[in-house]
Amino acid sequence: MRLFRRLIPVVALLLITWQASAQYNREYFFWVGRRCMMNNDYQEAIRTLNTLLRFDEEAFEGYFLRGIAKYNLDDLLGAEADFSTAIRLNPVYTQAYTYRAITRSRLGNYDDALQDFREAIDLRPDLPGPYYSRGVTRLLNQQFKEAIADFDMFVRQENKVADAYICRGLSYLHLKDTVKAFADFDQGIRTNRESPNGYNRRGALYMEQQRFKEAEADFDMAIRCDSNYLISYFNRALVYSDTNRPLDALADFDKVIALDSTNSLTYFNRAMLRSRIGDYNRALEDYDKVALYSPNNVLVYYNRASVHAQLGDIERAIEDYSSAIDLYPDFANAYIYRGRLRALLRDREGARDDQQTAQKKIAAYKERLSDSTYSIYADTTRRFDKLLSFDSKFAGSTFERITGQRGSGDELRLLPLFKFTLMHPDTAVAMKRYNPKRLEDFIKRIDNRYLTLSWRDSSLPADTLVVLDKSYAAKLNASELEWEALFERAVSQALIKQYTNSVNTYTAAIELNPSNPFLYLNRSTTRAEMIDFISSIDNSYQRITIDSDPANRLHNNSKRTYNYDEATADLNKVIKLYPDFAYAYYNRANLKALSGDLPAAFDDYTKAIELNPHFAEAYYNRGVAQLFMKDTRKGCLDISKAGELGITEAYEVLKRYANLEE
């Protein structure tokens with residue numbers, strides 16, 4: 001633009017106007033990009049930000065936001081490049097350093113990640129978040145003392161984050177300081193008694209010390225906090241097994257498999273336990289599952305061979321021992337037992353060869369006892385029927401699939417909350433399937449041709465929403481303060497993401513009309529949307545996998561839950577003022593589901609359906625809740641009903657689940 005500074009004044013005036021428009025468009029693209037990210041539509045966010053960056057290559061915030069979008073799509077290298085560009089354009093951009101550090105940590109580039117954390121902390125030593133994330137990175141990098149120092153710094157400023165104490169406890173545990181590890185796990189539990197993670201960590205430490213009574217109590221508490229927390233069922237099953245309660249252990253393994261039907265580690269343990277109590281046929285079924293999910297694991301074939309032998313199927317047993325030997329030729333035990341079975345079949349030559357080979361393996365093993373890298377599979381004295389724990393190196397373990405298993409990924413989401421919004425009248429007609437008279441009277445009272453109740457995004461363009469907001473503000477300034485005008489303005493403020501202002505405006509309207517349920521409904525929705533927006537853009541304490549333990553990956557990859565108490569309190573008020581309003585129960589069910597209380601959510605969806613038997617969205621979301629609770633058949637029936645009532649999204653879900661129970 002410098003080339004045009006010498007043009008005549010008239011052109012300069014035009015340029016000033018154009019620049020103002022360009023600045024407005026710049027803010028528009030930022031707004032759209034953030035909105036897409038709030039809706040987890042990261043690909044669309046990238047496309048929008050690409051448009052912004054084509055016109056303004058110096059917009060460092062654009063690169064930063066695009067980096068976050070790429071990070072959430074697991075494009076870590078692309079995210080790192082965008083964060084680097086943002087830093088180049090703004091060398092004091094603390095958040096960019098922090099997010100690039102987190103990205104580099106996930107890429108395993110710990111040295112550069114730590115350097116970025118150092119830059120971020122030098123720029124803003126008062127921010128607690130970078131200390132936490134650097135502590136996690138140092139824990140990953142086995143710098144345990146340094147990690148403890150970072151967690152110390154974090155908890156001095158933020159002493160209400162349970163995971164910080166748990167991570168510090170793990171650091172102490174790696175340093176063999178179980179006393180301080182116990183103390184931190186205890187503190188983590190006291191900080192958040194509703195989280196299963198602290199109980200599970202402390203229980204695992206009790207279990208290692210063979211303090212089975214205390215371990216069982218902690219796993220019980222973890223399950224009480226989260227009835228779908230797989231690792232606690234798994235660990236409690238190990239406690240039951242070690243305390244000679246095989247039936248109780250089997251019940252817990254059954255629960256894990258009910259929650260994750262492809263979990264090879266649990267099938268493996270259940271198979272061993274069933275073999276131990278003589279239930280060979282069902283043990284064989286479990287080993288078959290493990291062979292399907294983990295075909296390259298030696299122990300699967302070795303242990304299954306013994307079950308075939310117990311059932312008298314000698315040929316199949318020999319085949320399995322041969323498979324184990326093919327996978328690991330130094331497995332002396334497999335040669336010994338295959339040789340014995342070949343002798344039973346009068347294959348004397350084969351039996352003799354196997355015995356000779358086994359003796360050679362044993363001799364080689366004895367010569368290399370001091371070599372810690374020599375495989376345990378050459379140890380003929382070792383038993384292989386001990387149940388495996390989570391930290392066992394078991395190929396194909398699938399506990400981490402709970403966060404990405406079939407039907408639990410981003411493709412399976414609840415339909416959003418209902419709220420009063422502004423839509424073009426042509427697009428709003430289809431939404432008017434259930435409008436009780438009290439609701440219609442309210443809409444008439446507001447007297448706004450765009451106002452409708454819907455869960456869908458506004459069909460009005462962003463610039464139109466801005467213009468409408470300004471007009472509603474002007475109306476408020478030009479007349480006496482009336483609750484109708486305040487409500488109108490609060491709706492538009494929420495749609496342009498001015499959440500705090502919107503909540504305040506709703507509160508002012510409620511003060512003038514405290515008995516109107518619809519004001520509380522929209523304040524509740526705005527409060528919930530504000531929480532979701534903050535969580536999508538500003539995840540202050542980045543959770544990263546903190547060791548190689550699959551159980552830990554399971555917990556740290558799960559979605560973070562947020563506090564919807566204020567939003568729920570508003571819905572409780574709506575229901576008190578208008579107990580027959582189906583949408584209030586639907587919205588409250590959504591918030592309960594997002595908070596992890598699926599049974600309570602199910603009850604509220606059911607109440608909404610009772611009040612409105614044609615409530616398609618309630619059927620759909622109740623179906624989703626049942627799928628998450630593993631009641632696939634009933635969930636699919638509800639989603640089918642939603643499709644019948646006009647929810648097109650239902651059929652994509654049904655395609656994925658149609659044959660799940662076959």
Side-chain angles (χ1 to χ4, degrees), residues 68 83 87 91-106 110-202 204-205 218 225 531 534-535 537-547 549 552 555-556 558 560-563 565:
I68 293 176
F83 294 140
I87 290 168
V92 294
Y93 199 172
T94 306
Q95 280 188 305
Y97 281 110
T98 301
Y99 276 86
R100 188 173 71 175
I102 291 167
T103 304
R104 286 175 166 176
S105 183
R106 280 193 61 188
Y110 299 129
D111 290 341
D112 287 340
L114 291 171
Q115 178 60 37
D116 277 345
F117 282 128
R118 192 174 300 115
E119 294 283 354
I121 290 169
D122 286 345
L123 287 168
R124 290 292 305 275
D126 58 312
L127 293 180
Y131 291 105
Y132 177 92
S133 295
R134 188 172 70 176
V136 172
T137 299
R138 284 175 162 169
L139 181 55
L140 281 165
N141 203 28
Q142 300 187 23
Q143 298 175 341
F144 305 121
K145 292 181 180 179
E146 294 84 353
I148 289 168
D150 274 337
F151 293 129
D152 287 344
M153 287 294 296
F154 177 81
V155 298
R156 285 175 195 167
Q157 300 179 68
E158 290 284 347
N159 61 2
K160 299 298 183 183
V161 180
D163 282 356
Y165 297 105
I166 292 169
C167 287
R168 190 173 67 180
L170 288 170
S171 301
Y172 282 123
L173 199 56
H174 282 290
L175 293 173
K176 310 300 182 185
D177 190 340
T178 56
V179 174
K180 289 185 178 178
F182 267 122
D184 269 342
F185 294 154
D186 289 344
Q187 184 61 46
I189 291 169
R190 287 195 296 271
T191 302
N192 185 358
R193 296 187 181 277
E194 302 302 316
S195 171
N197 193 24
Y199 296 108
N200 188 70
R201 285 293 179 185
R202 190 176 67 181
L205 189 49
D218 270 348
C225 292
I531 291 171
I534 292 170
S535 70
I537 299 298
D538 186 23
N539 188 8
S540 301
Y541 308 122
Q542 179 65 31
R543 268 58 174 172
I544 306 175
T545 301
I546 55 180
D547 56 24
D549 182 351
N552 198 55
H555 184 71
N556 285 303
S558 60
R560 184 179 177 187
T561 57
Y562 290 83
N563 189 331
D565 288 351

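These numbers were taken from a predicted model, which means no experiment stands behind them.
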Exercise for review: Specify whether Phe144 and His174 have parallel, tilted or perpendicular ring planes, treating 30° as the upper limit for parallel and 60° as the lower limit for perpendicular.
Suggested key: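 Aromatic pair Phe144/His174 classed parallel.
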
Taking all heavy atoms of [X] and all of [Y], pick out the closest pair and write down the distance.
X      : Y      : answer
Thr94  : Ala120 : CG2-O, 3.7 Å
Cys225 : Arg193 : SG-O, 3.3 Å
Phe117 : Thr98  : CE2-O, 4.1 Å
Leu139 : Cys167 : CD2-O, 4.0 Å
Leu175 : Lys145 : CD1-CG, 4.0 Å
Pro91  : Leu123 : O-CD1, 4.2 Å

Report yes or no: does [X] contribute a side-chain atom to a donor-acceptor pair with the main-chain N or O of [Y] at less than 3.5 Å?
X      : Y      : result
Ser105 : Ala101 : no
Tyr165 : Phe151 : no
Tyr131 : Ala149 : no

Quick one: pull up [atom1] in [X] and [atom2] in [Y] and give me the separation to the nearest 0.5 Å.
X      : Y      : atom1 : atom2 : answer
Tyr110 : Arg134 : OH    : CZ    : 16.0 Å
Ile121 : Asp116 : CD1   : CG    : 11.0 Å
Asp177 : Ser171 : CG    : OG    : 11.0 Å
Leu127 : Gln95  : CG    : CD    : 8.5 Å
Asp163 : Thr191 : CG    : OG1   : 10.0 Å
Arg104 : Thr137 : CZ    : OG1   : 12.0 Å

**Study point:** Test side-chain contact (heavy atoms from CB on, under 4.5 Å) applied to Thr178 and Leu173, step by step
**Key:** CA-CA 6 Å; Thr178 56; Leu173 199 56; 4.1 Å; yes

Check your understanding: Checking side-chain contact (heavy atoms from CB on, under 4.5 Å) for the pair Glu119/Ile87: CA distance, chi angles, key distance, verdict?
Key -> CA-CA 11 Å; Glu119 294 283 354; Ile87 290 168; over 6 Å; no

Practice item. Take Phe185 and Ile166 through the test side-chain contact (heavy atoms from CB on, under 4.5 Å) and record every step on the way to the result. Key: CA-CA 5 Å; Phe185 294 154; Ile166 292 169; 4.2 Å; yes

Practice item. Kindly check if the number of other-residue, nucleotide or ligand heavy atoms within 6.0 Å of CD (Glu194) is above 12? Key: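 No - once you tally the heavy atoms of other residues, nucleotides and ligands closer than 6.0 Å, there are 12 at most.
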
Exercise for review: Have a look at Ile148 and tell me which of Arg138, Arg168, Met153, Lys180 forms a side-chain contact (heavy atoms from CB on, under 4.5 Å) with it.
Suggested key: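 Passing option: Arg168.
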
